[in-house]
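One structure below.
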Amino acid sequence: MICGFADRQGVPGEIGSLLLGVNEDGQLRYAGSVGTGWDSKTAAAIRARLAKLTTDAAPFPPASMGGSRWGPARTGAPRWVKPCLVAEVEFAEWTPSNQVRQASFKALRSETPASEVHKEAVRVEAGATLAALKITHPERVIDPTTGITKLDLVRYYESVADWMLPHLAVRPVALLRAPDGIGGEAFFQKHAETTKLPGWTEHPASLWPGHGRLLTVDSADALIGAAQLNVVEFHTWNSTTVDLTHPDRIIFDLDPGEGVSWQHVQEAALLVQTLLGELGLAAWLKTSGGKGLHVVVPVAPEFDYDVVKAFSRAAVQHLAKTLPQRFVAKSGPSNRKGKVFVDYLRNGIAQTTAAAFSARARPGMGVSMPVAWDQLPQLKSAYQWTVRNAREYLSFRTNDPWCDFWSTTQSLRGPMEHLS
DNA sequence: GCCGCAA
DNA sequence: TTGCGGCAACGCTCC
DNA sequence: GGAGCG
């Protein structure tokens, strides 16, 4: 939060430094200041914007601003502003007194509600280790509707690598590559026969006899290397390479037919969760980045694909039977008008679904974002988060809504009896 | 984007 | 040397 | 049986 500013010495009308605050236990706390990162024009523009927000009341006790040898006392008296503007500030680390060190201003962030600005969890920047990877044509526009470039996509995957890799690393993948950008011709790749792939793991043919050698993307290097090869979407199996034939999750892909309102999709997701809850299964929610939502159920890997798929089909058929005005279980486009098709076919062997944090190769480049169930009513669309705005959202997010997903092991035994 | 193959 | 095609795969639905 | 689809 921008809580105040000092004028640039000798240059009236320009910002010299910004005084920053973060939310902590429901109130603002001083977080240091930033005095570089802008040019004269920007400094003047920010100064003009802040002038309208000045106030006499300090947002936190000036005494709490001790701590720093290089505090604002050096740069003249601070002018307080109402804390309603958010700045994105890059910095090396938090000092022992919880202030930013080597801060540099990046941009104003008007979209972030003030209440959501917290101290960002400390995460090591992956950037340094990745610098070795050469990105060709970084400025090439891959999505003409937004101007998103190849470098934007690379940077997106770089920034979500820590979040994404747990979803990706242990599962065979299908990669959707789009060398000619969104709207151009794209193709799937699941084997590495010819192309030598940067850091990807190629599993022995014995893992899945009679088929091509399976591939996993299990490091940040592999992730970025994939982006260099114009991989836009990462799709994963429902089982891991540890136990390929026994799925450890079920996915219900909620796919709205023509003419279905977003509210209808939200309600459908809630109904799916309710049914699963009645069967004794906890489920997690993510946006698909495209049109619909994904409901993901972790299960113990104790049954093979045929059993798990039959269960998911039964669950969807139950929904379609009891709520025929909302749901269809058939995949054809004809009977889907005005209804939500819950795609259970993703639960067969070798079937894949766009992974959490995968971007989508469609205009706008939405991403699949894990969310909490209590966020569902506030969701604006399945592509609310994109390659462009996901990083900011994640940096201000204070806890992982899928935290318990990883430790949940639930058997299908009871739910299967319950349903039949 | 890149490789292998044919022209 | 240049050009060009491949780069997944399955079940389901409808015709 | 085959095209189309996700």
Side-chain angles (χ1 to χ4, degrees), chain A residues 133-142 149-151 153-154 157 171-182 184-200 202-203 205 207-208 210-217 222-239 244-245 247 251-258 260 288-294 304-306 308-310 312-314 316-317 320 328-337 339-355 358 360-362 368 382:
Chain A
L133 238 152
K134 172 93 149 272
I135 303 299
T136 59
H137 306 114
E139 299 307 325
R140 209 184 84 234
V141 172
I142 58 175
T149 63
K150 187 177 175 186
L151 185 61
L153 184 65
V154 168
Y157 279 123
R171 299 172 191 280
V173 281
L175 307 170
L176 183 68
R177 298 176 58 184
D180 299 320
I182 311 307
E185 212 165 305
F187 58 89
F188 273 102
Q189 178 166 8
K190 352 169 83 162
H191 314 295
E193 253 82 278
T194 52
T195 329
K196 259 308 148 209
L197 305 154
W200 305 357
E202 197 179 355
H203 295 272
L207 180 62
W208 198 32
H211 299 81
R213 298 177 60 179
L214 296 170
L215 227 46
T216 50
V217 175
L223 186 62
I224 307 309
Q228 155 61 17
L229 291 179
N230 300 302
V231 172
V232 177
E233 303 191 359
F234 296 78
H235 297 234
T236 49
W237 283 44
N238 279 340
S239 56
L244 193 72
T245 56
I251 292 190
F252 296 97
D253 176 5
L254 276 65
D255 194 358
E258 204 183 301
V260 173
S288 72
K291 287 196 309 182
L293 296 167
H294 293 162
D304 65 23
Y305 271 98
D306 288 343
V308 170
K309 183 178 167 186
S312 68
R313 180 178 60 228
V316 171
Q317 283 173 340
V328 278
K330 283 187 176 185
S331 67
S334 48
N335 207 9
R336 275 171 52 185
K337 277 205 169 66
K339 295 172 187 172
V340 174
F341 169 55
V342 184
D343 187 353
Y344 64 89
L345 298 165
R346 313 254 105 331
N347 297 310
I349 190 163
Q351 301 299 297
T352 59
T353 308
S358 173
R360 305 309 296 270
R362 21 194 316 149
S368 177

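Order of the sequence lines fixes the chain letters, A, B, ..., with proteins taken first and strands second; residue numbering starts at 1 for each chain.
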Rounding to a whole Å, what distance do you find between [X]:[atom1] and [N]:[atom2]?
{"X": "A:W208", "N": "C:dA8", "atom1": "CH2", "atom2": "P", "value": "12 Å"}
{"X": "A:K190", "N": "C:dG6", "atom1": "NZ", "atom2": "C1'", "value": "16 Å"}
{"X": "A:W237", "N": "C:dA9", "atom1": "CH2", "atom2": "P", "value": "10 Å"}
{"X": "A:Q189", "N": "C:dG6", "atom1": "CD", "atom2": "P", "value": "15 Å"}
{"X": "A:I142", "N": "B:dG1", "atom1": "CD1", "atom2": "C1'", "value": "13 Å"}
{"X": "A:F252", "N": "D:dG6", "atom1": "CZ", "atom2": "P", "value": "21 Å"}
{"X": "A:L176", "N": "D:dC5", "atom1": "CG", "atom2": "C1'", "value": "15 Å"}
{"X": "A:R336", "N": "C:dC12", "atom1": "CZ", "atom2": "P", "value": "16 Å"}

ask   = Considering only the C1' atoms, how many Å lie between C:dA9 and D:dG4, rounded to the nearest integer?
value = 14 Å
query = Looking only at atom P, what distance separates B:dG4 and C:dA8, rounded to whole Å?
reply = 15 Å
From [options], nucleotide with atom closest to [X] side chain:
{"X": "A:Q228", "options": "C:dA8, C:dC12, B:dC2", "value": "B:dC2"}
{"X": "A:P179", "options": "B:dG1, C:dA8, C:dC12", "value": "B:dG1"}
{"X": "A:F187", "options": "C:dG11, C:dA9, C:dC7", "value": "C:dC7"}
{"X": "A:Q351", "options": "B:dG1, C:dC12, D:dG6", "value": "D:dG6"}
{"X": "A:S331", "options": "C:dA8, C:dT13, B:dG1", "value": "C:dT13"}
{"X": "A:K330", "options": "D:dG6, B:dG1, C:dT13", "value": "C:dT13"}
{"X": "A:D343", "options": "C:dG11, D:dG6, B:dG1", "value": "D:dG6"}
{"X": "A:R346", "options": "D:dG6, C:dA8, B:dG1", "value": "D:dG6"}

query = Would you say a side-chain N or O of A:H191 is under 4.0 Å from OP1 or OP2 of C:dA9?
reply = yes
key: Below 4.0 Å: OP1/OP2 of B:dG1 and any side-chain N or O of A:R140   = yes
No-hydrogen, no-angle side-chain donor-acceptor test under 3.5 Å, [X] and [Y]:
{"X": "A:H294", "Y": "A:T353", "result": "no"}
{"X": "A:E233", "Y": "A:H235", "result": "yes"}
{"X": "A:T352", "Y": "A:K190", "result": "no"}
{"X": "A:D304", "Y": "A:T245", "result": "no"}

query = For A:R313 and A:A174, take the nucleotide of DNA chain C holding the closest heavy atom to each; which residue's nucleotide lies nearer the 5' end?
reply = A:A174
ask   = Base, sugar-phosphate, or nothing for A:T352, non-hydrogen atoms under 4.0 angstrom?
value = nothing
ask   = Under 4.0 angstrom, heavy atoms only, what part of the nucleic acid is A:K309 near: base, sugar-phosphate, or nothing?
value = sugar-phosphate
Any donor-acceptor pair under 3.5 Å from A:Q228 side chain to A:T136 backbone = yes
query = Does D:dG4 pair with anything, Watson-Crick or G-U wobble, both distances under 3.5 Å, and if so, with which nucleotide?
reply = C:dC12
key: Derivation and outcome, side-chain contact (heavy atoms from CB on, under 4.5 Å), residues A:D255 and A:R336   = CA-CA 10 Å; A:D255 194 358; A:R336 275 171 52 185; 3.4 Å; yes
